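Throughout, protein chains are lettered first and strands after them, A, B, ... in sequence-line order, and every chain is numbered starting at 1. Computed from a prediction, not measured in an experiment: that's the story for all the values here.
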Amino acid sequence: MPELPEVETIARGLRATILGKTISSATVSLKKMAVAPPGLVFQEAVLGERITAISRRGKYAVLELRSGRALVISLRMTGRLVVQQAGDPPYPYTYVELTMTDKSRLAFADVRQFGRVRLVERGEAWDSALGVEPFSGAFTPERFIAMLSGRTTPIKAFLLDQRRIAGVGNIYACEALWEAGIRPGTPAGRLTKPAIRRLHHALVNVLERAIDMRGSSVDDYVDAEGLKGGFQNVLSVYGRAGGKCPRCRGEIVRTVIAQRGTWWCSKCQK
DNA sequence: CTGAGATCCTGGGGGC
DNA sequence: TGCCCCCAGGATCTCA
């Protein structure tokens, strides 16, 4: 599932390929996947728009448009954003496609149809419910300590809550907790300050390393060129139930927290 | 405000 | 081998 490192990799890829291009036509073959402001038809509203900037916020890719509007794209679990050149065959499961004036195409594909591309108005506070960016100066160890204070929810569930920290999903929550040596079910407010500092460091560190390796292709993820990432090859615990912990050789177990599969070392994560 | 549960989908894995 | 069943999972919404 695309999380922060995967979406960051996609955004960088899109920047290299479609930044500055102009949309000459748009096709929507599954209506619910393309959302426009009231009174606007998505396919019509984006015509003639130039893509002036490309960024990422949490797990969302953001294409800023000349008019001040923006396309905000959520890939959910199986969504893909792939750039194709003139003559390339249709990308499988493409439900929204933007063709540029140079005939290159941005395909938004999603087998499970959970992804969304949303056209938002200039200045619209579309991300007001999203929490702090892990790489921003606002995400300090002290801030993290304050955020966790008094919380009864399992630390794993807290990390997945996009209203608190934006961009962390199941893979990197599991990996960061392993790196910090913390049991995923621990109530957030019970963590010691040293443990929170370790987790803060582990989170930023694992996200950075994953970006360096162009993300994890555990399930369906591919980047803007349709290529897989490399971080799935160096995961310590995620998806490795029954395997041995790379740090202590303890057994890696799978439990369910907040309705999600959770992998951790039963020996060295306290 | 917080947390829990339902919902949306379909490919593919498991069971027989 | 082939067929059927059922589940994973992020964000959003509802409800307590």
Side-chain angles (χ1 to χ4, degrees), chain A residues 1-11 28-37 56-62 71-81 91-96 108-120 124-134 146-177 184-190 203 207 210 215-222 228 232 235 237-242 253-264:
Chain A
M1 326 96 237
E3 305 178 24
L4 186 155
E6 290 75 31
V7 179
E8 180 64 33
T9 302
I10 289 170
V28 176
S29 56
L30 189 62
K31 203 178 172 191
K32 68 180 177 183
M33 284 187 59
V35 181
R56 175 199 59 76
R57 170 84 168 97
K59 302 175 192 173
Y60 296 84
V62 182
L71 291 169
V72 176
I73 300 150
S74 168
L75 299 167
R76 298 291 185 96
M77 282 95 66
T78 51
R80 296 179 170 194
L81 270 179
Y91 200 82
Y93 300 102
T94 294
Y95 293 117
V96 181
F108 181 33
D110 190 349
V111 171
R112 293 196 189 160
Q113 307 173 11
F114 284 1
R116 295 289 182 270
V117 51
R118 202 171 134 212
L119 179 64
V120 299
E124 190 177 331
W126 67 270
D127 69 339
S128 59
L130 282 183
V132 64
E133 282 290 324
M147 288 166 79
L148 298 180
S149 173
R151 312 303 297 268
T152 58
T153 196
I155 183 61
K156 165 82 184 309
F158 184 94
L159 293 178
L160 295 179
D161 188 342
Q162 302 300 297
R163 295 171 301 179
R164 309 296 167 192
I165 302 170
V168 179
N170 212 16
I171 296 173
Y172 301 107
C174 289
E175 292 294 307
L177 286 165
T186 310
R190 288 244 194 91
L203 267 175
L207 293 171
S216 303
S217 293
V218 166
D219 205 3
D220 274 47
Y221 165 72
V222 293
K228 289 178 182 287
Q232 69 278 6
L235 292 171
V237 288
Y238 183 86
R240 300 193 56 234
V253 297
R254 179 189 188 272
T255 57
V256 174
I257 294 175
Q259 284 111 23
R260 311 255 166 74
T262 303
W263 289 265
W264 49 286

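The CG atom of A:Asp110 sits 10 Å away from the P atom of B:dT10 (whole-angstrom rounding). When rounded to the nearest whole Å, the span between CZ of A:Arg116 and P of B:dC8 equals 12 Å. Separating the CZ atom of A:Arg254 from the C1' atom of C:dC7 is a distance of 10 Å, rounded to the nearest angstrom. For the pair A:Arg80 CZ and B:dG11 P, the interatomic distance rounds to 13 Å; values are reported in whole Å. Separating the NZ atom of A:Lys156 from the P atom of B:dG3 is a distance of 16 Å, rounded to the nearest angstrom.
Here the options are A:Asp127, A:Val7, A:Val72, A:Leu75, the test is side chain to side chain contact (heavy atoms under 4.5 Å, CB included), and the partner is A:Tyr60; only A:Val72 passes.
The residue among A:Arg163 and A:Gln259 whose nearest nucleotide of DNA chain B is located toward the 5' end is A:Arg163.
A 4.5 Å side-chain heavy-atom check between A:Val117 and A:Met33 finds every atom pair outside the cut-off. The shortest distance between side-chain heavy atoms of A:Ile10 and A:Ile73 does not fall below 4.5 Å.
Rounded to the nearest 0.5 angstrom, A:Arg240 CZ and A:Trp263 CH2 are separated by 12.0 Å. One distance of note links CD of A:Gln113 with CG of A:Leu30; it measures 5.0 Å at 0.5 Å rounding. Taken to the nearest 0.5 Å, the CZ atom of A:Arg56 stands 10.0 Å off from the OG1 atom of A:Thr9. Note that the CZ atom of A:Arg76 and the CG atom of A:Asp110 stand 9.5 Å from one another [nearest 0.5 Å]. Distance check, rounded to the nearest 0.5 Å: CG of A:Asp161 to CE of A:Met147 gives 9.0 Å.
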*What string of B, S and - do you get for nucleotides 10-16 of chain C, 5' to 3', when a contact is any protein heavy atom under 4.0 Å?*
BBS----
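Among the protein residues, A:Tyr238 comes within range of the sugar-phosphate backbone only, with heavy atoms under 4.0 Å from sugar or phosphate atoms but none that close to a base.
Taking a pair as Watson-Crick or G-U wobble with both distances under 3.5 Å, DNA chain B forms stems of 3 or more consecutive pairs at B:2-16 with C:2-16.
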